[in-house]
Amino acid sequence: MKNRDGLRPATRADLSGLPVEVAPTLLGAHLVVELGGERVVARLTEVEAYHGVGTGEIPDPGSHARSGRSARNATMWGPPGHLYVYLSHGIHSCVNVVCAPAGVAGGVLLRAAEIVEGAEIARRRRFAVREPGPARDLARGPGRLGQAVGLHHAEHDGIDAVTGAKQSGATARLLLPEEPLAHVATGPRVGVAGVAGTDAYPWRFWIPGDPTVSAFRWGRGAEGARTAAVLD
């Protein structure tokens with residue numbers, strides 16, 4: 001059912017394609033998270049696709065599931081529509097939408113968003129012990145996004161964003177645009193090491209000109225790998 005914002009609840013079928021195909025369709029989507037009686041809504045402006053081993057025709061050396069199933073990446077193996085919430089650098093909880101055909105692993109990292117509801121809640125979570133930053137920075141980057149919406153590893157890993165079932169005191173719902181955005185930018189993923197962070201994997205998608213999109217940076221060895229590919 002279409003609502004007044006031109007959004008509709010995501011279904012498993014919407015998210016059952018390859019991550020690189022699903023990722024651009026998530027731009028403009030809303031992730032709605034309720035936790036402890038507080039509601040935050042994030043409009044997605046930047047995402048990155050990641051494939052697991054055997055997912056699609058191109059191996060993805062940048063994926064957590066590149067070597068198969070493990071305790072850490074189990075959520076990536078489906079069903080689609082659950083959220084894979086992992087810990088980055090032992091500090092930041094990062095949120096991914098699981099999306100892949102049945103039996104294979106894949107996900108789309110939510111890199112950046114605009115907080116369109118619950119900005120004061122997100123601001124309190126983000127800037128509890130320091131001076132508030134600009135509104136564009138509330139969910140600019142995957143760690144900030146996870147903190148702003150209130151999802152945490154490991155208690156919220158696997159939460160279902162299709163049914164909205166409660167898990168560890170939180171609910172999450174993904175609302176997709178009725179029509180995909182007409183203009184989408186694409187390029188290398190941010191901060192991914194080696195060839196997986198080069199033009200060979202233009203699996204980062206973002207809304208051009210949106211101020212909440214994170215700044216690009218090469219991952220370890222990625223710029224060198226890109227240069228070597230050009231020379232070859």
Side-chain angles (χ1 to χ4, degrees), residues 3 5 7 9-10 23 26-48 50 64 72-73 75-76 81-99 107-177 189-191 204-207 210-217:
N3 69 16
D5 297 317
L7 302 169
L26 299 184
L27 293 174
H30 286 192
L31 178 64
V32 183
V33 179
E34 296 191 24
L35 175 65
E38 297 183 324
R39 173 184 167 105
V40 173
V41 181
R43 181 183 69 93
L44 305 180
T45 59
E46 180 186 15
V47 298
E48 288 178 345
Y50 289 88
H64 287 177
R72 182 194 192 195
N73 67 34
T75 300
M76 289 186 72
H82 289 254
L83 302 183
Y84 169 47
V85 184
Y86 71 90
L87 201 61
S88 175
H89 302 295
I91 303 173
H92 305 294
S93 293
C94 300
V95 181
N96 301 253
V97 176
V98 175
C99 53
V108 176
L109 173 66
L110 308 184
R111 276 210 59 88
E114 175 194 9
I115 302 302
V116 295
E117 184 178 332
E120 289 308 311
I121 298 166
R123 189 177 298 277
R124 185 180 71 243
R125 292 169 177 168
R126 283 276 299 112
F127 302 110
V129 295
R130 56 191 182 279
E131 287 297 315
R136 72 172 190 176
D137 287 343
L138 285 175
R140 191 179 186 220
R144 293 174 177 178
L145 189 154
Q147 187 177 24
V149 300
L151 294 176
H152 301 285
H153 173 84
E155 58 263 42
H156 299 134
D157 181 31
I159 193 170
D160 193 343
V162 169
T163 65
K166 183 174 286 188
Q167 180 173 318
S168 297
T171 63
R173 293 300 300 263
L174 182 66
L175 307 177
L176 299 179
R189 297 176 293 195
V190 177
R204 172 186 172 228
F205 304 89
W206 67 94
I207 298 176
D210 194 289
T212 65
V213 173
S214 57
F216 179 77
R217 60 178 175 81

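Here the closest heavy-atom approach between residue Ala170 and residue Leu151 is recorded as CB-CD2, 4.4 Å. Closest of all the heavy-atom pairs between Ala148 and Ala139 is CB-CB, 4.4 Å. Heavy-atom minimum distance, Tyr50 versus Arg189: CD2-NH1, 3.2 Å. The heavy-atom pair separating Val116 from Arg43 by the smallest distance is CG1-CB, 3.9 Å. Among all heavy-atom pairs drawn from Val108 and Cys99, the shortest one is CG2-SG, 3.3 Å.
When side chains are defined from C-beta on, Asn96 does not count as touching His64, because their heavy atoms never get closer than 4.5 Å. At least one side-chain heavy atom of Leu109 sits under 4.5 Å from a side-chain heavy atom of Tyr86. Side-chain contact between Val149 and His156: absent, with no pair of heavy atoms (C-beta onward) separated by less than 4.5 Å. Between Arg72 and Tyr84, some side-chain heavy-atom pair lies under the 4.5 Å cut-off. At a threshold of 4.5 Å between non-hydrogen side-chain atoms, the residues Pro9 and Arg173 count as touching.
Put simply, the side chain of Arg39 never gets that close to the backbone of Val32: no donor and acceptor are under 3.5 Å apart. The closest donor-acceptor contact from the side chain of Arg144 to the backbone of Arg140 lies under 3.5 Å. Checking side-chain atoms of Arg204 against main-chain N and O of Glu48 turns up no donor-acceptor pair under 3.5 Å. Of the possible donor and acceptor atoms, none in the side chain of Gln147 sits under 3.5 Å from a partner among the backbone N and O of Ser93. Under a 3.5 Å cut-off, the side chain of Arg111 and the backbone N or O of Glu46 do not form any donor-acceptor pair. Glu114 contributes no side-chain N or O that, together with a main-chain N or O of Ala135, makes up a donor-acceptor pair within less than 3.5 Å. Judged by distance alone, the side chain of Thr171 and the main-chain N or O of Gly164 form no donor-acceptor pair under 3.5 Å.
Here His153 contributes atom NE2 and Cys94 contributes atom SG; the two are 11.0 Å apart, rounded to the nearest 0.5 Å. From Leu176, atom CG reaches atom NE2 of His30 across 11.0 Å, with rounding to the nearest 0.5 Å. Atom CH2 of residue Trp206 and atom CG of residue Leu27 lie 10.5 Å apart, to the nearest 0.5 angstrom. Atom OG1 in Thr163 sits 6.5 Å away from atom NE2 in His82 (nearest 0.5 Å). With values rounded to the nearest 0.5 angstrom, Leu145 atom CG is found 6.0 Å from Leu110 atom CG.
For the side-chain contact (heavy atoms from CB on, under 4.5 Å) test with Ile121, the passing option among Leu35, Val40, Val33, Ile115 is Val40; the others fail.
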Step by step, work out the side-chain contact (heavy atoms from CB on, under 4.5 Å) result for Leu31 and Leu83. CA-CA 11 Å; Leu31 178 64; Leu83 302 183; 4.3 Å; yes
Give the C-alpha distance, both sets of side-chain angles, the deciding distance and a yes or no for side-chain contact (heavy atoms from CB on, under 4.5 Å) between Arg123 and Leu138. CA-CA 6 Å; Arg123 189 177 298 277; Leu138 285 175; 4.0 Å; yes
